[in-house]
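Written below as structure tokens is the structure these notes are about.
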Amino acid sequence: MDAGTTLDFEKSVAELQQQLAAIEKQTDRSDAAETEIRNLRRQINEELRQIYANLDPWQTVQVARHKDRPYTNDYLKLAFDEFVELHGDKQFGDDRALLTGFAKIDRFKVIVAGHQKGRTYKERAACHFGCAHPEGYRKAMSKMKMAEKYRLPLICFIDTPGAYPGVGAEERGQAQVIAESMFQMSRLKTPIICVVIGEGGSGGALGIGVGDRVAVMENAYYSVISPEGCAGILWKSHEHAPKAAKALKFTSKDLPGLGVVDDVLPEPLGGAHRDHHQAASRLRGYLTRTLTQLESLPVEELLAQRYEKFRRMGIYLEAAEAAV
């Protein structure tokens, strides 16, 4: 990783990597140099292990937003055997912030819907930095109906700071279409797996977040609002985003205890952005195992379990009131 992609809390690792790179450039290395290389690699791994085992919520947000982190398109290339993209919502246009299409993973044929941010600035602008418009969710909904029609499991990859907040999106029914998408997913007669691979922000994430299994990557976050948005509302300044991040309890350490997610997917040492192939391999293993579990369930039981899963969220508030 170059200096431009090094996070503030990784500076000690960056210094060790610079030392390692300098020694590795030597064409005629001595035995002492080889020993030093092994020691530096060991130090780097230990430093990364120590740092990433103790990330605070704001640091987790920074990792989830890392520009080298694998996006939906990367996972489609690395974790899946085939992918054929399907475009357009048949009403307004084709939103590049939401990828949809047929895919094959191991022995399973599936339909995939996932947020896409884009790697270069040109791609990011075309994808609205991962913030989908109403036509994106309508496109996803039409593919969800296709999944149900052809009895194909649905896999959703969540990676967005939130739905697009512009005037045009609101005029075209942003809130309504997200609600419709969530309602449709709650009743969809096919297995659904949702994975938060980076940012899981606000209604933009919930729009494709209703599933039989909801998982989160180890260094991703899943929240009702972005830290900056929360800080702007509560403290009238984005400078308080780290404080908001801590209060929101949205990391993979908090979410399972709150009943929001079912599984946490471990990432490679130092985050998924350091090793796309290993991250994709772990994701592929999780998806194939979960699809195997879900395919044996009758549709009626699948829908009943999905309903109960989301009804249980937040029940601790009612229990607390009853105990008073």
Side-chain angles (χ1 to χ4, degrees), residues 6-11 48-67 69 115 117 129-132 156-165 174-175 178-179 182 194-211 214-267 270-273 309-324:
T6 300
L7 301 173
D8 290 342
F9 54 87
E10 294 181 321
K11 287 181 178 177
L48 284 172
R49 193 173 290 108
Q50 184 69 21
I51 290 171
Y52 277 80
N54 298 284
L55 290 180
D56 64 35
W58 181 241
Q59 290 171 336
T60 298
V61 172
Q62 292 176 272
V63 177
R65 293 174 176 172
H66 198 288
K67 71 175 188 177
R69 193 172 177 84
H115 296 105
K117 290 182 174 179
F129 296 85
C131 299
C156 296
F157 293 129
I158 299 168
D159 188 13
T160 179
Y164 194 80
Q174 185 75 284
I178 289 174
M182 293 170 65
C194 304
V195 184
V196 184
I197 59 174
E199 294 187 86
S202 194
L206 288 176
I208 56 170
V210 180
V214 180
V216 61
M217 299 288 281
E218 184 180 7
N219 296 313
Y221 77 89
Y222 198 21
S223 173
V224 67
I225 191 172
S226 70
E228 292 88 347
C230 178
I233 293 170
L234 296 182
W235 294 287
K236 312 303 180 187
S237 172
H238 290 179
E239 293 179 2
H240 295 281
K243 188 194 301 183
K246 185 176 180 180
L248 285 166
K249 303 290 184 184
F250 55 29
T251 70
S252 63
K253 298 175 183 176
D254 304 305
L255 295 170
L258 296 173
V260 176
V261 302
D262 303 294
D263 303 288
V264 175
L265 308 188
E267 295 187 18
H273 57 278
K309 168 185 170 59
F310 284 89
R311 285 290 293 171
R312 284 195 302 270
M313 292 182 188
I315 199 168
Y316 62 92
L317 294 175
E318 296 177 12
E321 291 172 3
V324 174

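- Minimum heavy-atom separation, Ala231 to His240: CB-C, 3.6 Å.
- Side-chain N or O atoms of Ser223 include none that pairs as donor or acceptor with a backbone N or O of Gly201 at under 3.5 Å.
- With sequence neighbours left out, the side chain to side chain contact (heavy atoms under 4.5 Å, CB included) criterion links Ser202 to no other residue.
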With side-chain contact (heavy atoms from CB on, under 4.5 Å) as the test, would you mind laying out the steps for Val196 and Leu255 before giving the verdict? CA-CA 12 Å; Val196 184; Leu255 295 170; over 6 Å; no

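- Val61 places a side-chain heavy atom less than 4.5 Å from the side chain of Phe250.
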Check against side-chain contact (heavy atoms from CB on, under 4.5 Å), Val63 and His273: CA-CA 8 Å; Val63 177; His273 57 278; 4.0 Å; yes

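- Taking a 6.0 Å sphere around NZ of Lys243, one finds it holds more than 12 heavy atoms contributed by other residues, nucleotides or ligands.
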Arg69 and Asp159: CA distance, side-chain angles, deciding distance, salt bridge (charged side-chain N to carboxylate O under 4.0 Å, His left out) verdict: CA-CA 11 Å; Arg69 193 172 177 84; Asp159 188 13; over 6 Å; no

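- Taking every heavy atom of both residues into account, Ala64 and Ala220 meet most closely at CB-CA, 4.1 Å.
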List the steps and the verdict of side-chain contact (heavy atoms from CB on, under 4.5 Å) for Thr60 and Lys253. CA-CA 11 Å; Thr60 298; Lys253 298 175 183 176; over 6 Å; no

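- Scanning both residues, Ile208 and Phe157, for their nearest heavy atoms gives CD1-O, 3.6 Å.
- Legend: side-chain hydrogen bond (donor to acceptor under 3.5 Å, both in side chains) pairs involving residues 225-235, not counting sequence neighbours, sorted by first then second residue: Arg65-Glu228.
- When Glu10, Glu267, Gln59 are each tested for a side chain to side chain donor-acceptor pair (under 3.5 Å) with Tyr52, only one passes: Glu10.
- Residues Trp58 and Pro227 meet the side-chain proximity criterion, which asks for heavy atoms closer than 4.5 Å.
- Between Ile158 and His115, the closest side-chain pair of non-hydrogen atoms falls below 4.5 Å.
- Distance check, rounded to the nearest 0.5 Å: CD of Gln50 to CG of Asn54 gives 5.5 Å.
- Residues Leu55 and Asn219 are in side-chain contact: their nearest non-hydrogen atoms beyond the backbone lie under 4.5 Å apart.
- Residues meeting the ring-ring contact (aromatic ring centres under 6.0 Å, His included) test with Tyr164, sequence neighbours left out: His128, His133.
- The two residues Cys230 and Leu248 come nearest to each other via the heavy atoms CB-CD1, 4.1 Å.
- Across all their heavy atoms, Glu218 and Val264 have their closest contact at CA-CG1, 4.0 Å.
- Across every non-hydrogen atom of Phe310 and Val214, the tightest pair is CZ-CG2, 4.3 Å.
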